[in-house]
Amino acid sequence: QVQLVESGGGLVQAGGSLRLSCAASERTFSRSGMGWFRQAPGKEREFVAAINWSGGSIYYADSVKGRFTISRDNAKRTVYLQMNSLKPEDTAVYYCAVRAPYYGGSYYRSSDYDSWGQGTQVTVSL
């Protein structure tokens with residue numbers, strides 16, 4: 001099973017930026033789609049962004065379009081989430097997740113991902 005380790009979370013003021021990273025343990029990373037999800041207190045986990053194995057297809061939740069950018073570096077087995085213009089409502093634990101190699105299901109459903117990281121806290125203050 002692929003091990004995922006997120007980093008880069010923290011406390012930032014509204015309007016600020018953070019860059020999350022997610023490092024994967026397996027070489028199959030380069031053949032696997034990746035996603036970012038988040039979960040705020042008292043709420044269900046929700047989709048944030050996803051990227052296919054090559055980086056040629058990218059998906060965003062409407063709430064983050066134009067503010068967040070997902071990217072990947074297959075040589076480093078790492079996926080990134082650049083978050084700009086952060087809002088208090090972006091406060092949540094952010095999780096990265098990996099899909100099976102070349103898996104073609106929905107990128108928006110958490111059930112279509114095989115392994116998850118431990119999460120990193122992002123807190124946006126007013």
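For reference, positions follow the sequence shown, starting with 1.
- Evaluation of the side chain to side chain donor-acceptor pair (under 3.5 Å) rule for Q1 yields S115 as partners, not counting sequence neighbours.
- Judged as a salt bridge (Lys or Arg N to Asp or Glu O under 4.0 Å), not a single pair has a partner in residues 69-84 (not counting sequence neighbours).
- Legend: side chain to side chain donor-acceptor pair (under 3.5 Å) pairs involving residues 19-29, not counting sequence neighbours: none detected.
- Closest non-hydrogen pair, L126 versus P88, comes out as CD2-CG, 3.4 Å.
- When every heavy atom of G35 is checked against every heavy atom of Y113, the shortest pair comes out as N-CE2, 3.5 Å.
- A search for side-chain contact (heavy atoms from CB on, under 4.5 Å) contacts involving A92 returns R38, A40, Y94, not counting sequence neighbours.
- Residue pairs meeting the disulfide (SG to SG under 2.5 Å) criterion with at least one member in residues 49-89, sequence neighbours excluded, do not occur.
- T91 is linked by a side chain to side chain donor-acceptor pair (under 3.5 Å) to nothing, counting only residues two or more places apart in sequence or in another chain.
- Judged as a side-chain contact (heavy atoms from CB on, under 4.5 Å), and not counting sequence neighbours, the contacts of N84 are S17, Q82.
- Judged as a side chain to side chain donor-acceptor pair (under 3.5 Å), and not counting sequence neighbours, S106 has no contacts.
- The ring pair (Phe, Tyr, Trp, His ring centres under 6.0 Å) pairs that include a residue from residues 43-88 are F37-F47, F47-Y108, W53-Y102, Y59-Y107, Y59-Y108, where partners are two or more places apart or lie in different chains.
- Looking at residues two or more places apart in sequence or on another chain, you find a side chain to side chain donor-acceptor pair (under 3.5 Å) between D112 and Y103, R109.
- Sorted by first and then second residue, the salt bridge (Lys or Arg N to Asp or Glu O under 4.0 Å) pairs with a member in residues 51-67 read D62-K65, R67-D90; sequence neighbours excluded.
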For this session: Take V12 and M83, measure what side-chain contact (heavy atoms from CB on, under 4.5 Å) needs, and give me the verdict at the end.
Result: CA-CA 11 Å; V12 64; M83 306 185 295; over 6 Å; no
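- Taking all atoms of both residues into account, the shortest heavy-atom contact from V5 to Q118 is CA-OE1, 3.8 Å.
- In this structure S125 satisfies the side-chain contact (heavy atoms from CB on, under 4.5 Å) test together with L11, Q13, sequence neighbours excluded.
- For the side chain to side chain contact (heavy atoms under 4.5 Å, CB included) with L18, the lone residue among V122, T120, T123 that qualifies is V122.
- Under the 4.5 Å side-chain heavy-atom criterion for grouping Ile, Leu, Val, Met, Phe, Trp and Tyr, L81 is not connected to Y95 through any hydrophobic cluster.
- V124 and V64 fall within a single hydrophobic cluster, where Ile, Leu, Val, Met, Phe, Trp and Tyr are joined by side-chain heavy atoms under 4.5 Å apart, directly or via other members.
- For the pair E6/L20, no side-chain contact is recorded, criterion being any heavy-atom separation below 4.5 Å from C-beta on.
- Between W116 and R45, the closest side-chain pair of non-hydrogen atoms falls below 4.5 Å.
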